[in-house]
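Read the structure below first, then the notes.
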There are 2 protein chains.
Amino acid sequence: MGVTIKDIAKHAGVSYSTVSKALRDSPLVKEPTKKKILAIAEEIGYQPNVAARSLVSKKSNTIGVIWPTIERVAHSALITRINQYLEDQGYTTLVSINRINTAVTTFNRFQVDAILLFEDTHSDYRFSSSVPVVSYGIASNQPEVPTIDANRREAMKEAVAYLHKLGHKEIIYIGEISEQDPLQADKIKGFKQGLMENNIPFSDEMLIPVPELEQYDGYIATKAMLDKEKKPSAIISSSYDCTKGILLAIKEYNLSIPGDISIISYDNVPQVEKLEYSITTVGVPLDTIAKEVTNILLDTIEGKQMDQSILLQPEINVAKSCRNLYS
Amino acid sequence: MGVTIKDIAKHAGVSYSTVSKALRDSPLVKEPTKKKILAIAEEIGYQPNVAARSLVSKKSNTIGVIWPTIERVAHSALITRINQYLEDQGYTTLVSINRINTAVTTFNRFQVDAILLFEDTHSDYRFSSSVPVVSYGIASNQPEVPTIDANRREAMKEAVAYLHKLGHKEIIYIGEISEQDPLQADKIKGFKQGLMENNIPFSDEMLIPVPELEQYDGYIATKAMLDKEKKPSAIISSSYDCTKGILLAIKEYNLSIPGDISIISYDNVPQVEKLEYSITTVGVPLDTIAKEVTNILLDTIEGKQMDQSILLQPEINVAKSCRNLYS
DNA sequence: TTGAAAGCGGTACCAC
DNA sequence: GTGGTACCGCTTTCAA
């Protein structure tokens, strides 16, 4: 099987404890010796054995990500980035797609240094983990698990406030109207709250439901909406994909943005820049989330005490998709 | 930190080697002793330490899945199922979303028992792994890595043959027309070959390109196609998602299936049953693929020699979406 | 049927 | 600076 440090030691004519030090770049080994050992290691294809290393050092330099809903593409971009940041910090990311309890057990057995949990729904699990757990998304029902999330409610409030400042009163919201999904419900709460704070009366017609947050759904919903007598002056879209569909429908109806209709989109994913129009967005930039999550994971590993719940503040990214009705 | 077998041994008043045997359900331990040990283990929350175990047994009961393109949702359903089958066999699945080389290294360090590699494109990597690797998708450029894949070409040939048998001659293909993606290119080759074998002349208008294989793309492409003078008698859709869009467009034009137009879809995902129409499909059932991949992984672990390339044969699943023009 | 002990591949401490 | 060695948690002979 594999090459071990003892093999390297033999080749190099040194003891294997020296090899160990050299490989860990310890200052206790002379440069030439170190170089020689490293060269030999490379040459004979040495790969450190994680099992042995973490057995003694009680550290695996590995973060376990629990992502039971891989079929929902929502988090994949975020996970990709977090993975990148963790790699930069010398950590390896391993993903489990099992049920939460199974995954927690697996990662505990593997002695990962921390677990990052993605939750989409309020499920009724309970787990115990000797490894620290950090959760992204809705607040966990395990009070001891710190939760990080984007403040969706605030984002929507800001969107409404921004539109109101520009003179918009006929505002509609296109998104998933679901009680099941607390993430979506939160956005709607923010929308309503924003209306209230700006003295815009709410009515049910202001909520245009879509079955899912895909481009296609946004397209269909917008077309149906535009077929109606009364058109809004502004649309708040609840996701980037949705926005793509909305834009297409608007184009098909030969309406101009922001001339005929204004639009502001949730999600600060970098892709917005690739859209045909320059779209104003509101949300926590993906990269901000990724950095924040990474830092909190690393802090947690170092044993720092965390706040129970961290809500990341959204930012408005003003572009040219919202018309100022006062000017 | 964690509870070890020594803790259990103390509680049970036996030696820790007896505990080890009991936990592995060895026949060398008397039933009552075993029961007692198991009870204590459960009670004090014992979790075996994977590192220690795999260090000595050289087995981790873990399969590493390399899936660098999580953002492409295509494989997630398959991975979910494979994960399930492997779990049934006592294996844990760990996913890496890193670049292939990094992931192979990681999994080698972790001493997983086998690696399952998902490839989407012909990239020019090379890796060496002391752990056996099995690849799903296009043939790897590492000749020693066995590859499993669905025979897409054959599937498309069968689709054409089936339609031809029913009297169809104006057949179009809706899908991604990409040289980049060998999976898609293969389908088109099969389509053309099917036409040829059935003496239907091919023309470029028979290929309707879509930018991606999403529902939305199918919808738009079909609408554009239906706006034309000449309508085909049958459509071959290259993916399930695409089909959803196609159906919607057809519905919008008040055409009936299979009265006005026939349709056969690639992909034998179980979701087709949930569609509004009863759709004839062709492809290798997802479950067949999952089982096959699992078995090959397990065989590989046991050191059985594998064929270099395994192409899974597609099945036609006849429903009511194709009209018999002869009757 | 149970226990003692070697050793898997490393790390880290101690002595030289 | 380098080498010797105990030990991390567990499996697996081998002896009792």
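Both backbone and side-chain heavy atoms feed into the values below; hydrogens, waters and symmetry mates do not. Lettering of chains follows the sequences in order, A, B, ..., and the numbering in each one begins at 1.
Remark: P of D:dG3 and NZ of A:K30 are 11 Å apart, rounded to the nearest angstrom. Taking atom CG on A:D25 and atom P on C:dG10, their separation rounds to 17 Å, with Å as the unit. Separating the CG atom of B:L55 from the C1' atom of D:dC7 is a distance of 12 Å, rounded to the nearest angstrom. Spacing between atom CZ of B:R24 and atom P of C:dT2 amounts to 18 Å, rounded to whole angstrom units. When the P atom of D:dT11 is taken as reference, atom CG of B:N49 falls 10 Å away, rounded to whole Å. In this structure, OH of A:Y46 is placed 7 Å from C1' of C:dG9, rounded to the nearest angstrom. If you take CD1 of B:I8 and P of C:dT2, they are 16 Å apart, rounded to a whole angstrom. A:N61 places its CG atom 15 Å from the P atom of C:dG10, with the value rounded to the nearest Å.
Note: B:Q47 CD to A:T106 OG1 = 9.0 Å, rounded to the nearest 0.5 Å.
With C:dT1, C:dG3, D:dC10 as the choices, the nucleotide that has an atom nearest any side-chain atom of B:L28 turns out to be C:dT1. When each of C:dT11, C:dC8, C:dG3 is scored by its nearest atom to the side-chain atoms of A:Y16, the top-ranked nucleotide is C:dT11. Closest to the B:T18 side chain, of the nucleotides C:dT11, D:dG9, C:dT2, is C:dT2. Distances were taken from every side-chain heavy atom of B:I5 (C-beta onward) to each of D:dG3, D:dC10, D:dT12; the shortest belongs to D:dC10. If you check C:dG9, D:dG9, C:dA12 against the side chain of B:A52, the one that comes closest is D:dG9.
Here A:S15 reaches the OP1 or OP2 of D:dG3: one of its side-chain N or O atoms lies under 4.0 Å away. At least one side-chain nitrogen or oxygen of B:T33 sits closer than 4.0 Å to the OP1 or OP2 atom of C:dT2. OP1 and OP2 of C:dG3 both lie 4.0 Å or more from every side-chain N or O belonging to B:S17. Distances shown here put every side-chain N or O of B:R53 at or beyond 4.0 Å from the OP1 or OP2 atom of D:dG9.
Under a cut-off of 6.0 angstrom, the local environment of NZ in A:K59 is crowded, with over 12 non-hydrogen atoms contributed by other residues, nucleotides or ligands.
With A:D186 contributing its side chain and A:L183 its backbone, the two residues share no donor-acceptor pair below 3.5 Å.
Residue side chain A:K58 does not reach the base of D:dG9 through any donor-acceptor N/O pair under 3.5 Å, judged by distance alone. Scanning atom types as modelled, one donor and one acceptor separated by under 3.5 angstrom connect the side chain of A:K21 and the base of D:dG3.
Nucleic acid contact for B:S20: base, since at least one base atom lies under 4.0 Å from a heavy atom of the residue.
With sequence neighbours left out, the salt bridge (Lys or Arg N to Asp or Glu O under 4.0 Å) criterion links A:K34 to A:D25, A:E31.
Side-chain contact between B:L86 and B:L298 is present, with heavy atoms from C-beta onward closer than 4.5 Å.
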